[in-house]
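This report concerns only the one structure given below.
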Amino acid sequence: MRKLSVLLGALLLSASPAIAGDFVYLECEGKSVTTIKDLKSNQILKREETTETTHHKFDLVNSRLMSADNPQWEEVKIVDGVAVLDEELTEDGWNISMKGSWQIVPPGRFTGDGLFSNDAISETFKLRGMCKASDASVFEEALNQ
């Protein structure tokens with residue numbers, strides 16, 4: 001029994017600081033492709049590819065996510081170390097559908113897909129990339145930029 005408690009203690013002490021408490025912090029780098037389309041003419045108005053770095057804070061206890069560029073909690077499902085966001089809503093005449101997943105324990109791949117549309121325009125985006133462990137100070141710094 002003593003060996004088991006020593007082993008558990010060693011595992012807890014060796015845990016990454018990104019998952020030491022109730023929160024997991026990730027820094028994610030990825031490529032996004034955004035396409036804006038005129039629905040009446042069926043023509044693409046704009047297509048843009050960008051590379052971006054995002055910072056995320058996951059609340060493991062309450063199953064929610066906050067991004068530094070959108071500091072509001074959003075509910076996610078966390079199963080087997082993967083956080084999944086699946087949201088559909090209507091706001092100011094826009095139909096919005098967002099889906100995303102992050103491998104949080106251990107940090108790994110993330111994906112995101114979104115569709116924003118009204119009667120005239122649709123905007124789609126696709127995000128793909130990799131995340132690495134981060135910490136509260138890096139997240140706070142990104143939050144304050």
Side-chain angles (χ1 to χ4, degrees), residues 1-37 39 44-145:
M1 187 63 135
R2 180 159 162 61
K3 286 182 182 181
L4 180 59
S5 64
V6 170
L7 177 62
L8 287 174
L11 287 172
L12 288 172
L13 289 174
S14 67
S16 162
I19 58 173
D22 296 337
F23 298 106
V24 172
Y25 297 88
L26 297 180
E27 180 177 312
C28 303
E29 291 189 34
K31 177 180 160 184
S32 70
V33 178
T34 303
T35 306
I36 300 173
K37 188 176 192 181
L39 294 176
I44 294 175
L45 303 175
K46 183 177 181 180
R47 186 172 196 280
E48 182 177 58
E49 292 186 25
T50 59
T51 301
E52 58 187 85
T53 300
T54 57
H55 296 86
H56 307 280
K57 177 179 182 177
F58 294 88
D59 179 342
L60 301 178
V61 173
N62 297 302
S63 297
R64 54 189 188 159
L65 152 73
M66 178 189 296
S67 299
D69 61 350
N70 182 21
Q72 299 174 18
W73 287 112
E74 298 202 45
E75 288 186 30
V76 293
K77 290 181 183 172
I78 300 175
V79 178
D80 295 333
V82 177
V84 176
L85 171 72
D86 189 356
E87 189 171 75
E88 292 194 24
L89 61 125
T90 302
E91 187 174 289
D92 297 327
W94 289 89
N95 297 313
I96 302 167
S97 173
M98 295 186 294
K99 297 182 186 306
S101 70
W102 295 260
Q103 175 66 47
I104 57 176
V105 180
R109 293 194 177 278
F110 79 92
T111 64
D113 295 293
L115 171 63
F116 301 80
S117 64
N118 60 21
D119 293 338
I121 301 231
S122 75
E123 180 175 346
T124 60
F125 70 86
K126 292 191 178 295
L127 295 163
R128 302 290 182 267
M130 292 294 290
C131 298
K132 64 182 181 181
S134 186
D135 62 36
S137 65
V138 173
F139 180 81
E140 291 299 321
E141 183 178 322
L143 188 64
N144 293 322
Q145 289 182 0

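Between Asn118 and Gly93, the closest heavy-atom pair is CB-O, 3.3 Å. The two residues Met66 and Pro71 come nearest to each other via the heavy atoms CG-CA, 3.6 Å. Of all the heavy atoms in Ser63 and Ile78, the pair that sits closest is CA-CD1, 4.1 Å. Across all their heavy atoms, Val24 and Ile104 have their closest contact at CG1-O, 4.1 Å. What you find for Thr35 and Ile44 is that their closest heavy atoms are CG2-CG2, 3.9 Å.
Among residues at least two apart or in separate chains, there is no disulfide bond (SG atoms under 2.5 Å apart) pair with a member in residues 60-126. Listed by first and then second residue, the disulfide bond (SG atoms under 2.5 Å apart) pairs that reach into residues 111-145 are Cys28-Cys131, sequence neighbours excluded.
Gln103 places a side-chain N or O within donor-acceptor distance of the main-chain N or O of Val105, the cut-off being under 3.5 Å.
Ring planes of Phe58 and Trp102: perpendicular class, angle over 60° (limits at 30 and 60°).
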Item checked: Worked check of side chain to side chain contact (heavy atoms under 4.5 Å, CB included) between Leu127 and Thr54 -> CA-CA 11 Å; Leu127 295 163; Thr54 57; over 6 Å; no

Next item on the list: Begin from the C-alpha positions of Asp119 and Leu39 and carry the test side chain to side chain contact (heavy atoms under 4.5 Å, CB included) through to its verdict.
Entry: CA-CA 7 Å; Asp119 293 338; Leu39 294 176; over 6 Å; no

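Looking at Lys126, Glu52, Arg128, Glu48 one by one, the single match for side chain to side chain donor-acceptor pair (under 3.5 Å) with Ser32 turns out to be Glu52.
Contacts of Lys57 classified as side-chain hydrogen bond (donor to acceptor under 3.5 Å, both in side chains), with partners at least two apart in sequence or in another chain: none. Applying the salt bridge (charged side-chain N to carboxylate O under 4.0 Å, His left out) test to Arg47 and every residue at least two apart in sequence or in another chain returns Glu49. In this view, Asp86 and Lys99 satisfy the salt bridge (charged side-chain N to carboxylate O under 4.0 Å, His left out) rule, not counting sequence neighbours. Residues passing the side-chain contact (heavy atoms from CB on, under 4.5 Å) test with Val138 are Glu27, His55, Ser134, Asp135, sequence neighbours excluded.
Separation of atoms CG (Asn95) and CZ (Phe116) is listed at 11.0 Å; rounding is to 0.5 Å. In this structure, the separation between CG on Asp113 and CE on Met98 is 12.0 Å, given to the nearest 0.5 Å. Between the CG atom of Asn144 and the CZ atom of Phe139 there is a distance of 9.5 Å, given to the nearest 0.5 Å. Distance check: Glu88 CD to Ile96 CD1 gives 10.5 Å after rounding to the nearest 0.5 Å. With rounding to the nearest 0.5 Å, the separation of CZ in Phe110 from CE in Met130 is 9.5 Å. Annotation: the span from Arg64 atom CZ to Asp59 atom CG amounts to 4.5 Å, rounded to 0.5 Å.
At least one side-chain heavy atom of Thr34 sits under 4.5 Å from a side-chain heavy atom of Glu123. Considering only heavy atoms from C-beta on, Val84 stays 4.5 Å or farther from Val79 through its side chain.
More than 12 heavy atoms of other residues, nucleotides or ligands sit less than 6.0 Å from atom CD of Glu87.
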